[in-house]
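Heads up, the thing below is written out as structure tokens.
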There are 2 protein chains.
Amino acid sequence: MANTDDPLSITFAALADPTRRAILTRLAKGEATVGELGEPFDMSAPAISKHLRVLEGAGLIAREVDARWRICRLRAEPMHDAHDWLEAYRRHWEGNLDRLVEFVERTHRADTKQRDSGAPRTPRKKP
Amino acid sequence: MANTDDPLSITFAALADPTRRAILTRLAKGEATVGELGEPFDMSAPAISKHLRVLEGAGLIAREVDARWRICRLRAEPMHDAHDWLEAYRRHWEGNLDRLVEFVERTHRADTKQRDSGAPRTPRKKP
DNA sequence: GCTTCAATTAACCACTTGGTTAATTGATAG
DNA sequence: CTATCAATTAACCAAGTGGTTAATTGAAGC
């Protein structure tokens with residue numbers, strides 16, 4: 001997920017790591033220093049620093065310098081777009097719509113020996 | 001994001017690519033063959049095949065063999081957990097709660113020369 | 001000035017990712 | 001049997017990831 005990737009890809013990529021998600025969960029409870037954020041993890045300080053850079057690159061956290069400390073805060077806005085993107089698929093998991101389609105499709109084929117669905121793809125030629 | 005990663009990480013990682021998201025969007029409209037899915041992209045067939053493997057590994061699609069063709073279908077269930085995870089942060093982006101906290105915190109510090117927030121982190125010792 | 005401490009940067013490593021071209025598998029059509 | 005076609009696998013490559021240890025920066029405290 002290079003720096004040239006689109007914002008949504010960068011957001012999803014940043015969320016695709018349990019350490020980073022745990023850091024965001026911690027920050028949801030309030031600001032924290034880098035040291036405090038890294039304390040729960042069996043991981044070196046540079047490793048935490050890199051995770052924070054990824055989160056900052058995704059716009060999911062902001063860092064502010066306070067003397068020797070860097071105070072991190074959650075910036076949840078990018079999650080909004082990710083949430084919206086997923087929202088569009090809600091009907092597909094609610095009520096198991098896709099399983100229903102599959103079931104109907106499967107039984108139909110068993111009867112008539114042909115594939116079909118509500119939004120049929122362009123038929124392949126079998127001359 | 002190795003195969004040993006947790007399901008949520010695998011889901012987010014699978015979504016962190018615009019080609020794969022476009023494939024899912026296409027499949028939301030109905031089943032399709034691998035060839036049909038790859039047609040819109042300026043990309044080789046093996047590249048599409050790899051993307052489909054990632055999506056299948058995340059449980060986001062299912063493939064069924066039909067003669068020479070592989071019919072792909074959307075399986076949106078894994079998105080449900082991702083959506084739920086993000087949902088927990090809704091209040092942080094709605095109403096710009098985090099910006100509010102930052103504002104209050106910033107003005108407070110300007111007045112009293114000390115940092116503080118609603119859920120304060122453990123204070124650092126400055127002996 | 002010297003030390004200590006928080007954090008980052010530098011350099012390195014093993015592994016993954018996203019793409020390529022070439023070869024392979026399986027089914028269909030003559 | 002042979003040719004064709006959909007799709008995958010194999011082998012390869014450049015770049016990115018997630019981690020390490022060692023070195024560096026910058027502010028604080030005596």
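Protein chains get the first letters and strands the later ones, always in sequence-line order, with residue 1 at the start of each.
At C:dT4, none of the side-chain N or O atoms of A:Arg68 fall inside 4.0 Å of OP1 or OP2 (strictly under the cut-off). Considering only side-chain N and O atoms, B:Arg63 lies under 4.0 angstrom from the phosphate OP1 or OP2 of D:dT8. Residue B:His51 has a polar side-chain atom (N or O) positioned under 4.0 Å from OP1 or OP2 of C:dG19.
At whole-Å resolution of the value, CG in B:Asp17 and C1' in C:dG19 are 11 Å apart. Rounded to whole Å, the distance from CZ on A:Arg53 to C1' on C:dA10 is 11 Å. Atom-to-atom, CZ of B:Arg70 to P of C:dG26 comes out at 9 Å; the value is rounded to the nearest Å. Atom P of nucleotide D:dG19 and atom CD1 of A:Ile48 are separated by 8 Å, given to the nearest angstrom. D:dA7 atom C1' lies 14 Å from atom CD1 of B:Ile23, rounded to whole Å. Taking atom CZ of residue A:Arg20 and atom P of nucleotide D:dT17, one finds them 8 Å apart after rounding to whole Å. Here D:dG18 presents its P atom at 15 Å from CZ of B:Phe12, a figure rounded to the nearest Å. If you take CG of B:Leu52 and P of D:dA6, they are 16 Å apart, rounded to a whole angstrom.
The nearest pair of heavy atoms linking B:Arg91 to A:Ala28 is NH2-O, 4.1 Å.
Between B:Ile61 and B:Leu24 the shortest side-chain heavy-atom distance falls below 4.5 Å. In this structure, A:Leu60 and A:Arg75 have side chains that are not in contact, with every pair of non-hydrogen atoms separated by 4.5 Å or more. Between B:His51 and B:Leu37 the shortest side-chain heavy-atom distance does not fall below 4.5 Å. Side-chain contact check for A:Glu39 versus A:Glu36: every heavy-atom pair is 4.5 Å or farther apart. Looking at B:Arg20 and B:Lys50, their side chains never come closer than 4.5 Å, going by heavy atoms from C-beta outward. Two residues are said to be in side-chain contact when any heavy atoms from C-beta on lie closer than 4.5 Å; A:Asp17 and A:Val54 fail this criterion.
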Salt bridge (Lys or Arg N to Asp or Glu O under 4.0 Å) between B:Arg53 and B:Glu56, intermediate numbers included: CA-CA 5 Å; B:Arg53 188 206 304 284; B:Glu56 194 172 34; over 6 Å; no

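Rounding to the nearest 0.5 Å gives a distance of 5.0 Å between CH2 of B:Trp85 and OG1 of A:Thr25.
Comparing B:Gly35 and A:Val54 by the nucleotide of DNA chain D whose heavy atom lies nearest to each, the residue mapping closer to the 5' end is B:Gly35.
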Anything under 3.5 Å between a protein N or O and an N or O of nucleotides 1-3 of chain C, put it in a table, one pair a line.
none

For nucleotides 20-23 of chain C, which of its nitrogen or oxygen atoms have a protein nitrogen or oxygen under 3.5 Å away, and what is each distance?
unit_1 : atom_1 : unit_2  : atom_2 : d
C:dT20 : OP2    : B:Ser44 : N      : 3.0
C:dT20 : OP2    : B:Ser44 : OG     : 2.5

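Out of C:dA7, C:dA6, D:dT8, the shortest distance to the side chain of A:Val34 is found at C:dA7.
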